[in-house]
Asker: 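Below: one structure in structure tokens.
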Amino acid sequence: QVQLVESGGGLVQAGGSLRLACAASGRTVGTAAMGWFRQAPAKEREFVAFISWSAGTTYYADSVKGRFTISNDHGKNTVYLQMNSLKPEDTAVYYCASTRANKNWGVVSGYNYWGQGTQVTVSS
């Protein structure tokens with residue numbers, strides 16, 4: 001089992017920045033990728049970004065490209081999401097996820113383990 005704990009959410013004005021962190025513990029050996037997803041009220045959970053754990057390859061949803069940056073720290077088993085130029089439409093609960101599979105990193109079903117989520121609210 002892998003445990004994921006997110007932190008760093010909060011309330012910020014439009015145009016501001018937040019940095020989310022997700023610490024992994026437990027059976028983390030063999031992790032292939034970690035991702036960030038978000039879910040707004042009455043909407044389905046959607047992909048935000050992923051990073052391949054070893055190579056550091058990244059990929060972003062079009063809606064956040066150029067504003068968000070995903071990174072990882074192997075020594076701390078932690079993945080980060082730096083969010084800049086935030087917009088009210090970025091308001092959602094943000095979840096991190098991890099997987100040992102080598103495919104489907106851009107969809108919810110591609111991940112085995114999930115954190116509990118952290119709320120991000122962007123005011124206009």
Asker: Which pairs count as side-chain hydrogen bond (donor to acceptor under 3.5 Å, both in side chains) when at least one residue sits in residues 7-18, sequence neighbours excluded?
Answerer: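 Those involving residues 7-18 are S17-N84.
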Asker: Which atom names give the shortest non-hydrogen contact between F37 and V108, and what distance separates them?
Answerer: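 Closest pair (atom of F37, atom of V108, distance): CE2-N, 3.6 Å.
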Asker: Where do F47 and G106 come nearest, in terms of heavy atoms and distance?
Answerer: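 Smallest interatomic distance, heavy atoms only, reads CB-O, 3.3 Å.
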Asker: Report the distance from atom CE of M83 to atom CD1 of I70, rounding to the nearest 0.5 Å.
Answerer: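 Taking CE in M83 and CD1 in I70, the distance rounds to 11.5 Å.
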Asker: Of the non-hydrogen atoms in L86 and L18, which two are nearest, and what is the gap between them?
Answerer: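 Looking at all heavy atoms of both residues, the shortest contact is CD1-N, 3.9 Å.
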Asker: Any salt bridge (charged side-chain N to carboxylate O under 4.0 Å, His left out) involving residues 66-81? Give me the pairs, sequence neighbours left out, ordered by first then second residue.
Answerer: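 Non-adjacent pairs meeting salt bridge (charged side-chain N to carboxylate O under 4.0 Å, His left out): R67-D90.
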Asker: Where do S124 and A14 come nearest, in terms of heavy atoms and distance?
Answerer: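 S124 and A14 have their closest heavy atoms at CA-CB, 4.4 Å.
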Asker: Could you walk me through whether Y95 and L4 pass side chain to side chain contact (heavy atoms under 4.5 Å, CB included), step by step?
Answerer: CA-CA 9 Å; Y95 298 89; L4 303 173; over 6 Å; no
Asker: A quick test of your reading: do over 12 heavy atoms of other residues, nucleotides or ligands sit less than 6.0 Å from OH of Y60?
Answerer: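 Atom OH in Y60 is packed in, count exceeds 12.
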Asker: For S52, does its backbone N or O pair with a side-chain atom of T57 as donor and acceptor, under 3.5 Å?
Answerer: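 Answer holds: no.
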Asker: In chain order, what residues pass the side-chain contact (heavy atoms from CB on, under 4.5 Å) check against V5, with sequence neighbours excluded?
Answerer: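 side-chain contact (heavy atoms from CB on, under 4.5 Å) list for V5, sorted by chain: Q116.
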Asker: Sequence neighbours excluded, which residues qualify as side-chain contact (heavy atoms from CB on, under 4.5 Å) partners of T99?
Answerer: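 side-chain contact (heavy atoms from CB on, under 4.5 Å) list for T99, sorted by chain: A33, A101, W105, Y111, N112.
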Asker: Quick check on the hydrophobic clustering: are V93 and V12 connected, directly or via other members, by side-chain heavy-atom contacts under 4.5 Å?
Answerer: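 They do not share one cluster, since no chain of ILVMFWY contacts under 4.5 Å joins V93 to V12.
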Asker: Do V120 and L20 have side chains that approach each other closer than 4.5 Å (heavy atoms only, starting at C-beta)?
Answerer: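 SC-SC contact between V120 and L20 confirmed.
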Asker: Taking salt bridge (charged side-chain N to carboxylate O under 4.0 Å, His left out) as the cut-off, I'd like each qualifying pair that reaches into residues 13-37, sequence neighbours left out, listed once.
Answerer: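 Non-adjacent pairs meeting salt bridge (charged side-chain N to carboxylate O under 4.0 Å, His left out): zero.
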Asker: Residues in side-chain contact (heavy atoms from CB on, under 4.5 Å) with S54, at least two apart?
Answerer: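 S54: no side-chain contact (heavy atoms from CB on, under 4.5 Å) contacts found.
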Asker: Measuring from N77:CG to M34:CE, what's the distance to the nearest 0.5 Å?
Answerer: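 Result: 8.0 Å between the selected atoms.
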Asker: Pairs in or reaching into residues 13-116: which pass disulfide bond (SG atoms under 2.5 Å apart), with residues at least two apart or in two chains?
Answerer: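 Listed by first then second residue: C22-C96.
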Asker: Rounded to the nearest 0.5 Å, what separates atom CG in L81 from atom OG1 in T69?
Answerer: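 Here the interatomic distance stands at 8.0 Å.
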Asker: I need the full list of ring-ring contact (aromatic ring centres under 6.0 Å, His included) pairs touching residues 7-30, with sequence neighbours left out, sorted by first then second residue.
Answerer: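 Residue pairs with at least one partner in residues 7-30: there are none.
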Asker: Of all the heavy-atom pairs spanning A24 and V2, show the shortest one and how long it is.
Answerer: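 Closest approach of A24 to V2, heavy atoms only: CB-CG1, 4.4 Å.
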Asker: Applying ring-ring contact (aromatic ring centres under 6.0 Å, His included) as the test, list every pair that has at least one member in residues 62-94; sequence neighbours left out.
Answerer: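 For residues 62-94, and leaving out neighbouring residues, the ring-ring contact (aromatic ring centres under 6.0 Å, His included) pairs sorted by first residue read W53-H74.
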Asker: Considering residues at least two apart in sequence or located in another chain, which fulfil the side-chain contact (heavy atoms from CB on, under 4.5 Å) criterion with T91?
Answerer: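 T91: side-chain contact (heavy atoms from CB on, under 4.5 Å) contacts with Q119, T121, V122.
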Asker: If you measure from CD1 on I51 to OG on S98, what distance do you get to the nearest 0.5 Å?
Answerer: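 The CD1 atom of I51 sits 13.5 Å away from the OG atom of S98.
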Asker: For K65, enumerate each residue passing the salt bridge (charged side-chain N to carboxylate O under 4.0 Å, His left out) test, keeping only those at least two apart in sequence or located in another chain.
Answerer: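 In terms of salt bridge (charged side-chain N to carboxylate O under 4.0 Å, His left out), with neighbours along the sequence ignored, K65 is linked to D62.
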Asker: Can you list every pair that meets side-chain hydrogen bond (donor to acceptor under 3.5 Å, both in side chains) and has a residue in residues 40-51, with sequence neighbours left out?
Answerer: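 The answer is R38-E46, Q39-R45.
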